[in-house]
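Whatever order the structure lists them in is the order used to number ligands and atoms, beginning at 1.
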Amino acid sequence: MPVQLPEQFRERMQAQLGPEYDAFRAALATEPPVSIRLNPAKPTAGISDDLSPVPWHPQGYYLPERPVFTLDPLFHAGGYYVQEASSMVLREVLKQVYPGKYPLKALDLSAAPGGKSTLLASWLPQGSLLLANEVIRSRVTILKENLDRWGYANTFTSSYDPEAFSGLNGYFDVVLVDAPCSGEGLFRKDHAAVNEWSEEHVQMCSSRQRRILAAAMKLVAPGGVLLYSTCTYNEFENEQNADWLAREQGLTPVALSLPAEWGVVPKGIGYQLYPHLVRGEGFYFAAFRQTRGTGFQGKPQRNFTKLMPLGRKQEAAMGDWLEDADQFFYLQRPDETVLMAPASLRQDLLILDRTLPQGVWMREVGEFKGKDFIPAHALALSTDIATQLPYVELDRDSSLQFLKKENLILPEAPKGWLLARHRGLNLGWMKNLGNRMNNYLPKDWRIRMDIREV
Ligand code: SAM
C-alpha cells in the first residue's frame with residue numbers, strides 16, 4: 001500500500017523538488033530495492049553471479065527480491081551485510097578524501113547496527129584501527145554480533161556518549177557521524193518512521209545532531225576528516241548543520257567528484273540521494289577536513305587497567321588457533337576470557353584504555369579451562385583463524401540445523417574441535433566426543449524461526 005505522507009512533509013518536499021516531486025512520490029509507492037555488500041575477506045565463489053551491481057560500491061549488489069536472510073547460512077557466516085544501497089556511497093567519499101594507503105584511526109560514533117562500520121572495516125587500509133561506538137546500550141549487542149561476523153581483528157567496540165571521548169580530541173583521522181535523524185529517507189521502507197515524523201521531531205533531531213557534531217569535530221586530527229550523514233531530506237538536519245560546521249566551526253568542506261550517471265545531487269556543501277534518481281533510499285552526506293588544532297598529545301600508559309597479559313605457555317598455544325599468531329597480542333579479562341588485537345595497535349589501545357572510562361571491547365579468542373582451550377564463537381568467525389583447523393563442510397539444511405543449535409550426527413567426522421562450515425565460510429564450533437557432537441553456537445545467536453515452515 002502506498003505510504004500516506006504527513007502533510008507538512010509533502011509540502012516541504014514539493015517546495016524542495018518542484019516539478020520532480022511527482023517522480024519522487026511515485027518512487028515511494030514502489031517496492032524498496034534490496035541490496036547486500038559482500039565481505040571481501042570472506043569470499044564465496046559464485047555468490048554475486050547474475051546480480052546487478054551497485055554503481056558506487058564494488059562489493060555492493062542488488063537482489064531481485066528480498067529473501068529470508070535468516071535462512072541463509074552465508075549471512076550468519078558474515079559473507080555479506082544487508083545494507084541499503086544509498087549508504088554504500090560512503091565508500092566513494094572515503095576513497096576520495098583518503099586516496100593514500102597509510103593506516104588510519106577511525107571512529108564511527110553512532111555505529112549500531114554496524115552497516116557503516118563493516119563498510120569502513122573493509123575499506124580502511126591495512127594497519128588501521130576502527131572504533132565502532134554506540135551510545136544506546138541495548139543496541140550494542142547487535143553491533144558486536146555484526147562486527148564479530150564481519151571478522152576483522154582491528155575493529156573494536158564501545159558504548160559512550162559522544163562527549164565522553166573528549167580525552168581523545170585531535171586523535172582520529174576519520175570520524176563518522178551517521179546521525180540519529182528523522183528518517184524521512186526511509187519512509188518507503190519503514191512505515192513507522194512516517195508515523196513518528198513531526199516538525200518538532202525534525203527540530204529535536206537537528207539540535208541533537210549539532211550537539212553530537214560539536215563533540216565529534218574536536219576528535220578529528222589536523223588534516224583528518226569528519227563525515228556527516230543522515231537518512232533524511234530536510235535542510236534543518238542536513239544543509240543547516242553542514243553550514244554551521246563550515247561557517248561557525250571552521251571546518252573545510254570537501255568537494256567530491258561523483259559521476260553524473262549515479263544520480264547523486266549536490267546540495268549546498270553536501271550531497272543528497274533521492275529514491276526517484278537512484279536505486280536506493282534517501283541519504284545525505286557531507287565531508288569536512290579539519291585544518292585547525294594541534295592534534296592529540298597524550299602518551300600511552302604502560303599497562304591495561306583491567307586486563308592482564310596472557311601467560312607465556314598460553315600465548316604459545318594461540319599458534320594452534322590463529323594463522324599468524326605472532327601478529328597479535330593477547331590479554332585476559334578478569335573472567336579469564338582471552339582477547340586479541342593486532343600487535344601494531346598496542347600503543348593505540350593503551351591510549352584508548354587510559355582515556356575512555358571502561359576502555360574498549362576487543363575480539364574474544366576463547367578461554368583456558370585447565371589445559372583445555374575453549375575457542376570463542378568470534379574466533380570461528382575471525383578472518384585470522386588458522387586455515388588448517390579440522391572442519392566439516394555442511395549443506396544448507398545441516399547448516400541451518402547447526403544454526404538452530406541442534407546437535408548434528410556426523411559419523412565420519414574427526415574427534416575434537418571442529419568448525420562447522422558452509423560454502424567455505426565458518427559458522428561456528430562443534431566438539432565431537434565420539435558418542436555425540438556438541439554444538440557450541442552461543443544460544444543468543446541461534447535461529448529462533450521454525451525453519452520447516454518456510
Ligand atoms: N551507522 C549505523 C549503520 O550504518 O548501521 C546506523 C546508525 S543510526 C542512523 C543512528 C545511531 O545513533 C543509532 O544507533 C542511535 O542509537 C544512535 N544515537 C542515538 N542517540 C545518540 C546520541 N545522542 N549520540 C550518538 N549516537 C546516538
Side-chain angles (χ1 to χ4, degrees), residues 35-37 39 54 56-57 59-60 69 75 78 80-91 93-94 106-124 130-150 152 155 157-166 168 172 174-187 189-190 192-193 196-197 201-219 226-234 237-238 241 273 280-286 356:
S35 46
I36 59 170
R37 185 169 38 74
N39 186 342
V54 173
W56 40 82
H57 199 297
Q59 278 95 38
F69 286 110
F75 165 77
Y80 60 85
Y81 190 93
V82 183
Q83 187 172 39
E84 192 286 298
S86 295
S87 55
M88 295 184 202
V89 77
L90 280 184
R91 183 215 180 243
V93 185
L94 289 160
L107 171 65
D108 183 354
L109 205 47
S110 308
K116 316 283 184 315
S117 289
T118 53
L119 183 148
L120 267 162
S122 296
W123 173 82
L124 282 166
L130 171 61
L131 180 55
N133 179 71
E134 169 55 48
V135 64
I136 311 273
R137 276 281 169 154
S138 58
R139 290 171 60 79
V140 174
T141 309
I142 186 67
L143 174 64
K144 279 182 166 174
E145 272 188 27
N146 282 331
L147 294 176
D148 275 351
R149 279 199 187 100
W150 210 243
Y152 292 50
T155 306
T157 321
S158 63
S159 181
Y160 298 108
D161 184 90
E163 274 150 31
F165 287 93
S166 59
L168 290 164
F172 292 99
V174 182
V175 175
L176 169 63
V177 176
D178 185 34
C181 72
S182 60
E184 295 165 356
L186 303 180
F187 279 4
K189 234 174 73 154
D190 177 6
E196 279 165 26
W197 190 93
H201 190 225
V202 167
Q203 296 306 330
M204 188 280 279
C205 287
S206 171
S207 32
R208 179 170 60 185
Q209 287 150 357
R210 220 169 261 204
R211 273 202 312 279
I212 299 172
L213 288 169
M217 53 171 270
K218 296 189 193 123
L219 304 176
L226 175 72
L227 299 178
Y228 177 53
S229 61
T230 70
C231 48
T232 210
Y233 305 110
N234 68 74
E237 298 177 71
N238 295 344
N241 280 343
L273 289 89
E281 304 306 323
F283 187 66
Y284 170 86
F285 63 91
L356 299 169

List every atom of ligand 1 that sits less than 4.0 Å from any heavy atom of [X], numbering the atoms from 1 in the order shown and giving each element.
| X | answer |
| --- | --- |
| E134 | 11 (C), 13 (C), 14 (O), 15 (C), 16 (O), 17 (C) |
| I212 | 22 (C), 23 (N), 24 (N), 25 (C) |
| I136 | 16 (O) |
| A179 | 9 (C), 10 (C) |

Side chain, backbone, both or neither: which part of [X] has a heavy atom under 4.0 Å from ligand 1?
| X | result |
| --- | --- |
| D178 | both |
| S117 | neither |
| R139 | side chain |

Exercise for the section: Mind listing the closest non-hydrogen atom pair of E237 and N234 along with its distance? Expected result: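 Nearest heavy atoms, E237 then N234: OE2-ND2, 2.6 Å.
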
To the nearest 0.5 Å, what is the distance between [atom1] ([X]) and [atom2] ([Y])?
| X | Y | atom1 | atom2 | result |
| --- | --- | --- | --- | --- |
| Y160 | F165 | OH | CZ | 7.0 Å |
| L130 | T155 | CG | OG1 | 4.5 Å |
| L227 | L120 | CG | CG | 8.0 Å |

Protein residue, atom and distance nearest to [atom], heavy-atom basis:
| atom | answer |
| --- | --- |
| atom 12 (O) of ligand 1 | S110 CB, 3.3 Å |
| atom 20 (N) of ligand 1 | P180 CG, 3.8 Å |
| atom 27 (C) of ligand 1 | V135 CG1, 3.5 Å |
| atom 3 (C) of ligand 1 | G115 N, 3.5 Å |

Exercise for the section: Count the heavy atoms belonging to other residues, nucleotides or ligands that lie under 6.0 Å from CD of Q203, then report whether that count exceeds 12. Expected result: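 Yes, CD of Q203 has more than 12 neighbouring heavy atoms, counting only those of other groups under 6.0 Å.
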
Practice task
Could you walk me through whether K116 and D178 pass the salt bridge (charged side-chain N to carboxylate O under 4.0 Å, His left out) test, one step at a time?
Solution key: CA-CA 8 Å; K116 316 283 184 315; D178 185 34; 2.8 Å; yes

Exercise for the section: Establish, from distance only, whether the side-chain atoms of N238 and T230 form a donor-acceptor pair under 3.5 Å. Expected result: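 Yes, because at least one side-chain N or O of N238 sits under 3.5 Å from a partner of the opposite role on T230.
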
Exercise for the section: Give the ring-plane orientation class for Y80 versus F75, where under 30° counts as parallel, over 60° as perpendicular and anything between as tilted. Expected result: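 The rings of Y80 and F75 sit tilted, inter-plane angle from 30° to 60°.
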
Practice task
Could you walk me through whether Y152 and S122 pass side-chain hydrogen bond (donor to acceptor under 3.5 Å, both in side chains), step by step?
Solution key: CA-CA 8 Å; Y152 292 50; S122 296; 3.0 Å; yes

Practice task
Give yes if a backbone or side-chain nitrogen or oxygen of K116 is under 3.5 Å from a nitrogen or oxygen of ligand 1, and no if not.
Solution key: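 Between K116 and ligand 1 (N or O atoms, distance only) the closest approach is under 3.5 Å.
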
Practice task
Please say whether Y81 places an N or O atom under 3.5 Å from an N or O atom belonging to ligand 1.
Solution key: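 No, since none of the N or O atoms of Y81 sits under 3.5 Å from an N or O of ligand 1.
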
